[in-house]
Amino acid sequence: MKYVYYPGCSASGTSKEAEESLQAAMRALGVEWTELEDWNCCGAAVAIGTSYLLSLALPARNLALAERAESDLVTGCSRCFMNLIRAVHYTHENASVREEVNELLAETGVQYSGKARLRHLLDVIINDVGLDVVAERVTQPLDGLRVAPYYGCCQGMWTYAQFDSTEDPHCFDQLLATLGAEVVDYRLKTACCGGTLSMSRRSVGARLIGDLLAAADDADCIVTACPLCLFNLNSFQREAGKIKGTHFNIPVLFLTQIMGMAFGLPKKALGLQRHVVPVDGLYEKIAAGAAVSSSAASASGAR
Amino acid sequence: MGAQANTVDKAWTLHTPERVLAARDLVGNDFSLCYQCGLCTGSCRTAYAMKYTPRQIMNLLQLGREDEAVAGGSGLLCTACFSCTFRCPRGVAVTDMMTAIQRRTLAEKHADPHIRRFYRAFLRTVERHGRFHEAEFLVRYYAPNPLRLRDELRLGLTLLMKGKVTLKAPKVKSQKGIAAMFRKAAEIEGRP
Amino acid sequence: MVVPSDNHEPRIVGFLCNWCAYQGADLAGTSRMAYTPNVRIVRVMCTGRIDPTFVLKAFSSGADGVIIAGCHPGDCHYSEGNYKTTRRIAFLRKLLAQMGIDGERFRLEWVSAGEGAKWAQIADEMSAAIKEKGPLAWRENLKEA
Amino acid sequence: MPEGKSDVKIGVYICHCGSNIAGTVDVEEVTGFAQEQGSVAVARNYKFMCSEPGQALIKQDIEELGLDGVVVAACSPRMHEPTFRRVCEAAGLNPYRLDMCNIREQCSWVHKNGATEKAKALISAAISRARYLEPLERREVPVVPAALVVGGGIAGIQAALKVADAGRKVYLVEREPSIGGHMIQLDKTFPTLDCSACILTPKMAAVKAHPNIELMTYSEVVDVQGYVGNFKVTIRRKPRYVDESLCTGCGICWEKCPWKAESEFDCGLGQRKAIYTPFPQAVPNVPVIDPEHCVYILRDGKCGACLKFCEREAIDFNQTEKMVEVEVGAIIVATGYDVFDPSAITRLGYERFPNVITSLEFERLCNATGPTGGHIVVNGQEPKSVGIIHCVGSRDRKYHEYCSRVCCMYALKFAHLIREKIEGANVYQFYIDMRCFGKGFEEFYQRAGTEGVTFIRGRPAQVTDLAISEEEQGKLVVVCENTLVGAVMRVPVDMVILCPAMEPRADARDVARLFNLSQSADGFLLERHAKLEPVATASDGVFIVGCVQGPKDIPDTVAQALAGAAEALALIDKGSVELEAATAVVDEAACSGCKICIPLCPYSAITFNEAEKRALINEALCKGCGVCVAACPAAAIVARHFTDQQILAEVEALLVDARPAPAEV
């Protein structure tokens with residue numbers, strides 16, 4: 001399997017661990033993974049506040065690049081996915097938008113015709129690679145680890161419409177269960193983390209983050225499918241705690257990090273040292289869980 | 001005259017259909033389909049902090065009162081998560097309208113300068129480098145307001161130490177072309 | 001050769017079956033859905049009645065496009081007249097293609113009695129597409145050829 | 001100008017239809033245009049052609065000018081063709097010499113500009129066709145004096161009783177083991193609050209007792225052949241494994257049966273046995289054996305409790321499916337509706353939370369014969385607060401765009417019943433618009449308002465168990481913008497009732513095909529005319545009544561059922577129907593005997609005369625579709641009223657303005 005992928009600014013910057021672990025996990029799964037050449041920022045949730053056209057043309061340029069490379073495009077960032085798929089839909093539905101977007105793209109010498117298909121990382125892992133292949137690669141099952149999957153808002157909508165329920169998706173749960181984790185169901189798994197509000201309007205952003213952390217409180221860790229959410233949930237636990245009148249200390253990981261843990265990949269390759277909220281405790285929990293399950297296994301074996 | 005006249009003074013006068021149509025051009029979608037059920041607002045995580053909820057903004061647009069919506073600044077709280085658009089039972093592209101209001105709020109300088117600076121700083125780094133550049137962004141965003149910078153110092157240092165923020169600017173080959181896209185967009189959209 | 005001109009309004013003949021498509025067009029009317037006046041309708045009981053000569057006659061009489069519209073597959077009032085149409089039309093389509101008449105000028109559509117909006121949309125689409133292509137002027141062009 | 005028959009005299013009549021046509025089409029100009037066409041003896045316009053004076057105008061011209069053909073340019077032929085055919089007939093002109101030209105539905109109503117030009121083209125086409133129209137004779141055949149009613153809900157019951165009361169034979173076919181439909185599941189009915197079973201069961205008993213009604217439950221219509229007045233209907237009777245003629249309904253069998261299943265009648269909230277009647281007042285009061293739960297059937301004779309205890313020896317495991325054929329003159333389709341499955345809208349928590357229920361489930365909970373004996377209990381507790389969510393799957397483009405018309409009223413009824421049964425209960429109505437338009441409805445709305453019900457205007461975004469305060473612990477929280485205040489509310493409740501849309505039956509498409517009907521865009525079956533023919537359909541002799549046509553409350557359903565009965569009786573009592581004269585006919589001289597046409601005919605109307613080597617069409621069976629006509633390689637089959645000549649002339653004249661004027665050539 002060969003893929004051209006779009007990392008996005010967040011995964012190559014403030015959430016570097018997402019990118020590092022993604023590379024490591026994909027190598028482990030035997031997936032050929034090449035970065036889209038010369039990609040640019042999709043505009044996050046910011047370009048749209050200045051220019052409607054840029055909010056479509058910036059992501060469209062990356063699709064055009066994929067088209068030039070005669071490939072589909074995969075991304076592991078939900079915010080980017082949202083912007084990219086919006087560009088796909090809007091240029092498809094509206095001829096005048098398509099023309100104007102291409103007029104902009106001409107400045108960088110590319111055109112977008114709508115040929116390149118867009119895929120989400122989760123979609124690729126579950127539907128192309130397959131959970132059976134993922135299961136085979138697991139060397140250190142996440143026994144006893146209670147994990148809350150955070151699908152994210154941008155995930156819950158167009159993204160999952162391609163391969164899962166839009167309002168109540170379950171694909172992430174399946175992946176985590178394959179890794180041996182105990183999946184924690186909680187009500188805000190598709191609620192928005194506030195995106196860039198954490199930077200532009202801290203009081204509101206931190207409240208949204210606080211609500212999320214509180215809802216997933218009884219999990220050992222939260223796992224996200226978006227580097228931007230990863231950054232938000234990791235970096236503002238102190239501020240969120242202040243607003244909610246509590247103290248949060250919940251490790252938050254990217255989905256390929258937890259996969260890498262289950263695959264027994266080295267911590268450094270997964271960027272685990274980069275976390276604001278330390279994640280070392282998780283290994284202890286897994287070890288304890290493994291001990292319990294192996295003693296249970298030997299007990300049942302004795303009988 | 002008297003008391004009754006006062007009431008009338010305070011009442012909103014209705015705008016003409018032409019004016020409502022002008023608003024439709026502004027946001028490019030048919031908000032007149034909205035039947036005010038409030039599902040958008042109920043689905044919105046930031047509505048609690050808004051002066052006008054998304055549904056109320058739809059109503060302001062229907063009345064040709066988009067200036068009121070723009071000045072209210074609620075559009076700035078839209079995270080573009082698209083929940084409202086996906087759920088709208090009448091198929092109204094609510095998010096597109098919220099962001100249209102957001103654009104005008106920013107363009108017409110109704111927003112707090114700090115927030116305006118956030119948008120400017122972010123996009124400026126993309127325009128200059130093709131990608132987001134955290135370090136440059138932080139400088140542009142906080143430089144005029146050192147007090148805020150002090151609040152952020154703790155996080156900034158942590159990020160720096162963990163290797164999440166680098167001072168080196170990202171390199172994109174087509175960087176000039178991307179800057180040209182920004183200029184072209186401003187030209188088409190008639191922005192300064 | 002007759003060349004496309006900007007102010008050319010195409011003439012399109014629609015052969016519509018009495019039970020589905022014609023009723024659908026009536027529904028577009030009762031629902032007051034505005035659409036192009038360029039499509040003119042001939043009512044037949046079933047699309048299965050449509051003889052290829054009707055279509056050829058329309059083109060030779062100056063039509064720029066012909067549309068046949070009937071019940072959705074499986075919904076034919078006469079059980080499967082529309083299915084028979086499909087087969088007959090496939091042949092006619094090849095013939096027309098040889099004469100330079102493509103799929104934008106000759107269409108087969110399924111429109112149910114409840115699909116007034118669909119009929120209006122098809123009419124507008126087809127008219128716009130043909131307008132872009134310009135007049136067919138079949139007789140004149142054939143003479144020149 | 002096409003070469004027409006020069007000797008015919010045609011009258012052209014252009015209707016203003018008030019301003020419906022004249023407002024867009026310049027009728028004077030069009031009249032002038034018509035006047036100039038060949039063969040046109042007279043062209044007139046008038047305000048309402050279909051009115052008495054309009055008709056008189058045509059009649060007078062036919063008589064005085066001796067017209068051979070008439071063109072009426074007005075509304076759709078589906079609207080007034082029969083009217084103007086009668087006019088022609090009355091004036092002594094063969095009705096098939098009329099051509100209707102549709103300049104309303106397909107012209108003035110849909111075009112802002114260019115309507116006049118198009119009207120001219122359409123009229124020119126109609127005149128050309130009219131030149132070639134030939135007189136045809138219609139034949140009469142007798143009507144079978146019986147009706148078939150499909151579906152035994154309140155609509156079917158009411159229609160069957162009325163036709164039977166008029167002395168006509170009725171076959172009533174019901175898919176379920178008992179008649180009663182959705183209505184028998186309901187508790188009280190709005191706005192009068194009379195008990196649903198109390199008003200329906202006497203009617204069900206009357207059906208059973210009526211000498212003119214042959215009731216076939218647990219049966220389905222599988223095939224319909226023939227035509228108006230003479231339908232041949234095949235009905236599949238599923239095996240009950242109980243002999244209806246022997247069973248007394250004593251109940252010993254279901255008392256002794258050890259095997260249980262979820263009760264469909266109680267929406268899965270209660271249980272029934274493997275041999276069961278759906279409810280105690282079932283009609284007929286004869287049980288059926290459910291082969292999916294009966295162990296005798298599943299495991300080859302390993303039970304037989306019912307066999308042992310039935311003194312009448314009515315249990316018969318050897319029963320098999322039976323096909324019954326009946327002949328009827330009219331058919332009334334009353335197959336009802338389905339309830340929308342709200343689990344599609346996951347955010348409302350149906351199926352995730354046991355205390356989120358549908359309105360139909362609440363009806364069973366509230367009903368004294370229901371699984372809880374009429375006690376409103378969820379999760380083992382009586383709810384102290386209830387949220388009722390309107391428009392679930394209705395008024396929503398993602399599911400059903402239409403309004404289901406009954407939810408506002410039954411939601412008010414629920415509030416009343418809850419307040420009556422649970423003292424001090426808080427009831428919240430989450431509504432978008434209160435639609436209380438029927439007789440006595442507004443008064444009921446007022447009454448509910450004074451009974452301590454809270455109205456919150458807004459469509460809820462979420463039903464969640466995520467508590468953010470002490471007060472919300474252990475409750476369901478309805479999250480919703482109170483749109484009248486402009487603030488998001490969180491309303492903690494013990495129970496949520498969803499009001500799901502009424503939607504077309506899952507097999508509505510199959511039913512439509514079976515009876516040759518159309519569906520409207522929403523999936524319900526389509527009536528012939530939205531206002532004036534509410535129960536007739538595009539298929540003559542087939543009528544639709546009740547919710548099969550669209551969401552309705554009980555009074556409207558009953559009114560429609562009676563309308564359907566009247567239509568069926570009018571057809572039957574007339575005694576005969578005129579058959580379509582526009583059939584196909586073989587020109588024997590031209591027929592080469594190739595037999596291509598024979599397998600094409602969907603009605604097997606074409607036979608082959610071996611002696612003469614000619615095809616022959618049986619006019620009684622032919623429905624005039626014309627498939628054989630288009631297929632005949634020798635052009636030996638003529639479609640009467642739609643001849644090649646007529647259509648070709650129509651097409652040519654339709655494009656009269658598309659060709660360059662002769663002077664320019």
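Just so we're clear, the structure is a prediction, and the values are computed from it rather than from any experiment. Below, chain A is the first sequence line, B the second, and so on; all start at residue 1.
More than 12 heavy atoms of other residues, nucleotides or ligands lie within 6.0 Å of NZ in D/Lys398, so this atom counts as buried by the packing criterion. Counting heavy-atom neighbours within 6.0 Å of D/Asn113 CG, excluding the residue itself, gives a total of 12 or less. Within a 6.0 Å sphere centred on CD of D/Glu443, heavy atoms belonging to other residues, nucleotides or ligands number more than 12.
Counting heavy-atom pairs closer than 4.5 Å to chain D, the top-ranked of the candidates B/Met50, B/Gln56, B/Arg90 is B/Arg90. Per-residue heavy-atom pair counts under 4.5 Å with chain B were compared for D/Met489, D/Gln462, D/Arg347, D/Glu401, and the maximum is reached by D/Arg347. Between chain B and the residues D/Ile345, D/Val488, D/Asp396, the most heavy-atom pairs under 4.5 angstrom are made by D/Asp396. Options B/Gly38, B/Cys44, B/Cys37 differ in how many heavy-atom pairs under 4.5 Å they form with chain D, and the most are formed by B/Cys37.
Judged by distance alone, with hydrogens and angles left aside, the side-chain atoms of B/Tyr35 form no donor-acceptor pair with the main-chain N or O of D/Ile432 at under 3.5 Å.
Residues B/Arg87 and D/Arg459 are not in side-chain contact: their nearest non-hydrogen atoms beyond the backbone lie 4.5 Å or more apart.
Only the backbone of B/Cys88 comes within less than 4.5 Å of a heavy atom in chain D; its side chain stays farther off.
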